[in-house]
Amino acid sequence: MDCMVGWGITNESKAVMGTKPDGTVKYNTGDTHHVHGSYVDGTYDGKYLFVNDKIHGRVARIRMDTMETDKITEIPNIQGFHGIFTDKRDPVDEKINHTTRVFCGNEFHIPQPNDGRDLDDPKKYFCLFTCVDTETMQVRWQCKVNGNMDLVATSYDGKLACANQYNTENGAHYEDTMSSERDACVFFDVARIEAAIKAGKSFTIGDSKVPVVDGTPDANKDPKTALTCYVPVPKNPHGVNISPDGKYYACSGKLSPTATLIEHASVLKWFNGELKDPREAVVAEPEIGLGPLHTGFDGRGNAYTTLFLDSQIVKWNLDAAMKAFKGDKSAKPVVDRIDVHYQPGHGFTSMGETKEADGKFFISDNKFSKDRLLPVGPLHPEVAQMIDISGDKMKLVGEHTTWPEPHDAIIVRRDRVKTRQVYNLDDFPNAVKDAKDCRVERKGNKVTVYLTSQAPVIGLREFKVKRGDEVTIILTNLDKVEDLTHGFAIPKYNVNFIVNPQETKSVTFKADKPGVYWCYCTHFCHALHLEMRSRMLVEK
Ligand code: K7E
Ligand code: CUA
Ligand code: CA
């Protein structure tokens with residue numbers, strides 16, 4: 001719920017969020033982690049952003065022209081939806097060089113279906129990798145996987161998606177998740193999975209109609225028909241990121257002081273049966289420092305990895321790392337380090353997740369601020385720090401506070417962001433197009449109040465309803481000036497939202513308290529902003 005924009009309060013936002021049969025919002029909690037854009041030709045097209053909700057297993061689509069969520073999809077059969085990434089082109093159709101899928105990793109394994117069976121037998125739980133259609137926002141398919149999935153990355157040719165796995169042990173307790181020396185990065189052959197689904201080699205789980213294919217190692221022994229490929233990486237890795245040239249995936253060690261570089265072409269070779277062992281796809285494994293988590297790239301052959309335990313960003317060179325891996329003792333992968341304050345989680349470079357990586361900036365989202373700021377209570381704000389990576393040495397150039405706890409972001413070049421400044425009145429079928437149209441309509445005990453706002457006036461100075469009425473207020477902001485937003489609040493009725501210029505929103509509530517209620521504008525709009533009010537009169 002956000003009472004500035006009215007998210008979770010207006011009927012329009014409730015329709016996006018989903019409601020229970022009694023009309024209340026289904027979930028008003030969330031736990032977003034990662035944000036990624038839609039692509040065309042390997043770079044951002046400025047159309048959509050996609051964000052995961054780990055707690056309820058939902059994916060939200062944000063329109064980049066309004067920066068508002070327009071769809072939310074709840075994915076069946078999963079818990080702990082952590083990693084998310086859009087595809088960058090179609091694996092089969094050459095003409096589709098833009099995003100049509102968003103891939104969703106699933107971290108917590110559960111009984112399938114999760115209806116009370118197998119509660120005490122974690123060995124029977126399993127996870128699903130999910131593909132959602134970016135236009136319809138319907139779930140296309142799911143793939144059964146061994147182990148959990150953490151972060152997700154996709155290839156530039158559209159052929160592969162992958163997820164790092166820290167719990168290939170399928171452990172239920174943290175010590176169990178650390179029992180193996182190696183976990184994995186699991187790769188998905190997108191075209192093969194979709195062909196298997198087309199061929200009907202799928203099953204369903206519980207009430208869900210989503211087709212599921214089997215991507216467990218036992219079901220995928222023959223590389224030439226396998227849907228998945230598990231590349232072993234050291235102990236409990238975290239984060240997987242692809243280099244802007246599309247050639248390498250970097251998996252961070254977390255419990256190992258290493259990064260593992262996996263070659264895209266080699267994974268494809270394994271799927272074609274030309275490579276014996278998935279381990280041969282690993283082309284470098286440099287020691288880079290303690291607690292590596294996430295990696296950004298500069299497009300000049302260097303990687304920048306956050307080191308949670310060392311509180312540093314380490315810059316390492318991909319070619320040098322590959323030479324060292326082949327035994328060249330003179331090759332030094334690590335080229336620079338810089339302290340950050342403190343304990344970085346995500347780190348990302350400007351345009352770094354596109355083929356237009358510009359090598360200008362790296363941002364470190366730090367999990368602790370400790371002594372950076374005056375103490376403001378037990379909970380501290382955190383800091384994000386900006387590093388200039390254009391030269392040989394990294395240089396700290398900016399720092400600002402963030403809401404705890406800063407997680408993930410992308411840096412999008414400004415010409416890719418084209419937002420609209422004013423809404424279009426005609427986009428809202430229920431718009432009240434003229435102040436003269438303001439009125440109260442009654443059908444039985446259902447009352448609709450048509451209102452406009454235009455600084456400093458709300459279209460009706462007062463309106464009367466009866467106790468027990470179901471009241472719907474439809475409010476159009478007739479102002480046409482950019483950023484001239486009005487709010488609308490009703491005391492004691494839990495109503496507060498804004499309408500942007502030329503936008504229409506509505507709320508519905510029961511008039512259960514008689515009396516006078518001053519509806520007022522909550523968003524500073526005019527010298528007479530405080531005077532901008534109306535009265536709701538509720539008769540006994
Ligand atoms: Cu590294 Cu949720 Cu992005 Cu946390 S995962 S840092
Ligand atoms: Cu309208 Cu303040
Ligand atoms: Ca493990």
Side-chain angles (χ1 to χ4, degrees), residues 31-36 51-55 80-85 105 107 146-153 163-185 230 232-241 251-256 291-296 305-308 343-348 364-368 382 384 404-410 451-459 475 477-479 481 483-489 496-501 519-534:
D31 178 25
T32 58
H33 279 236
H34 305 115
V35 58
H36 294 291
V51 176
N52 73 309
D53 169 26
K54 176 166 168 172
I55 181 170
F81 163 26
H82 194 186
I84 180 170
F85 220 108
E107 190 177 342
N146 218 22
N148 66 269
M149 283 160 287
D150 196 12
L151 282 298
V152 170
N164 73 285
Q165 301 189 294
Y166 65 82
N167 187 18
T168 49
E169 299 89 343
N170 282 322
H173 306 120
Y174 81 89
E175 62 274 22
D176 305 328
T177 70
M178 302 191 299
S179 56
S180 311
E181 270 320 302
R182 285 198 167 238
D183 286 289
C185 184
Y230 295 73
V233 294
K235 220 176 179 69
N236 292 35
H238 187 73
V240 56
N241 301 87
C251 237
S252 301
K254 192 168 79 184
L255 298 191
S256 159
L293 292 184
H294 296 281
T295 301
T305 303
T306 54
L307 300 174
F308 181 80
Q343 262 86 36
H346 272 272
F348 34 91
S364 176
D365 271 347
N366 304 322
K367 304 292 191 194
F368 295 90
E382 319 303 353
E405 143 280 316
H407 210 98
D408 187 27
I410 52 175
L451 290 177
T452 56
S453 54
Q454 195 161 21
V457 174
I458 294 171
L475 176 62
N477 178 351
L478 292 179
D479 276 306
V481 181
D483 205 28
L484 214 173
T485 295
H486 298 290
F488 191 84
N496 190 5
F497 62 99
I498 56 164
V499 268
N500 289 299
C519 310
Y520 66 99
C521 178
T522 51
H523 209 84
F524 214 104
C525 55
H526 190 271
L528 292 173
H529 157 71
L530 288 170
E531 287 80 351
M532 189 168 177
R533 7 175 184 158
S534 173

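Both counts, for ligands and for their atoms, begin at 1 and track the order of listing.
Those atoms of ligand 1 that come under 4.0 Å of a heavy atom in His33, given as number and element, are 2 (Cu). Atoms of ligand 1 lying under 4.0 Å from any heavy atom of Lys367, numbered from 1 in the order shown and given with element: 6 (S). Taking every heavy atom of His407 and a limit of under 4.0 angstrom, the matching atoms of ligand 1 come to 2 (Cu), 3 (Cu), 4 (Cu), 5 (S), 6 (S).
Classification of the His407-His346 ring pair by plane angle, with boundaries at 30° and 60°, yields tilted.
The 12-atom threshold is not exceeded at CG of Asp483, counting heavy atoms of other residues, nucleotides or ligands nearer than 6.0 Å.
Annotation: cation-pi geometry satisfied between Lys254 and Tyr166 (NZ/CZ under 6.0 angstrom from ring centroid, within 45° of ring axis).
Nearest N/O/S atom of His34 with respect to atom 3 (Cu) of ligand 1 is recorded as NE2. Within His294, the N, O or S atom lying nearest to atom 1 (Cu) of ligand 1 carries the name NE2. Sorting the N, O or S atoms of His238 by how far they are from atom 1 (Cu) of ligand 1 puts NE2 first.
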Chi angles and distances behind the side chain to side chain contact (heavy atoms under 4.5 Å, CB included) call for Phe497, Val499: CA-CA 7 Å; Phe497 62 99; Val499 268; 4.3 Å; yes

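For the residue pair Tyr230 and Pro232, the shortest heavy atom distance occurs at O-CD, 3.6 Å. Between Met149 and Ala163, the closest heavy-atom pair is CG-CB, 3.6 Å.
Look at His486 and atom 1 (Cu) of ligand 2: an N/O/S atom of the residue is under 2.8 Å from the metal. In summary, no N, O or S atom of His82 is located under 2.8 Å from atom 3 (Cu) of ligand 1. Among the backbone and side-chain atoms of Cys525, an N, O or S atom lies under 2.8 Å from atom 1 (Cu) of ligand 2. Put simply, Cys521 gets within reach of atom 1 (Cu) of ligand 2, with an N, O or S atom under 2.8 Å from it. When distances to atom 1 (Cu) of ligand 2 are checked against a cut-off of 2.8 Å, Met532 contributes an N, O or S atom below that limit. Among the atoms of His346, an N, O or S atom falls under 2.8 Å of atom 3 (Cu) of ligand 1.
Under the 3.5 Å distance criterion, with hydrogens and angles disregarded, a donor-acceptor pair is assigned to the side chains of Asp150 and His82.
Using a 4.0 Å cut-off between charged nitrogen and carboxylate oxygen, Glu107 and Lys54 count as a salt-bridge pair.
Contacts between Lys54 and ligand 1 below 4.0 angstrom, taking non-hydrogen atoms only, are absent altogether.
Checked against the 6.0 Å centroid criterion, the rings of His486 and His526 do not qualify as a close aromatic pair.
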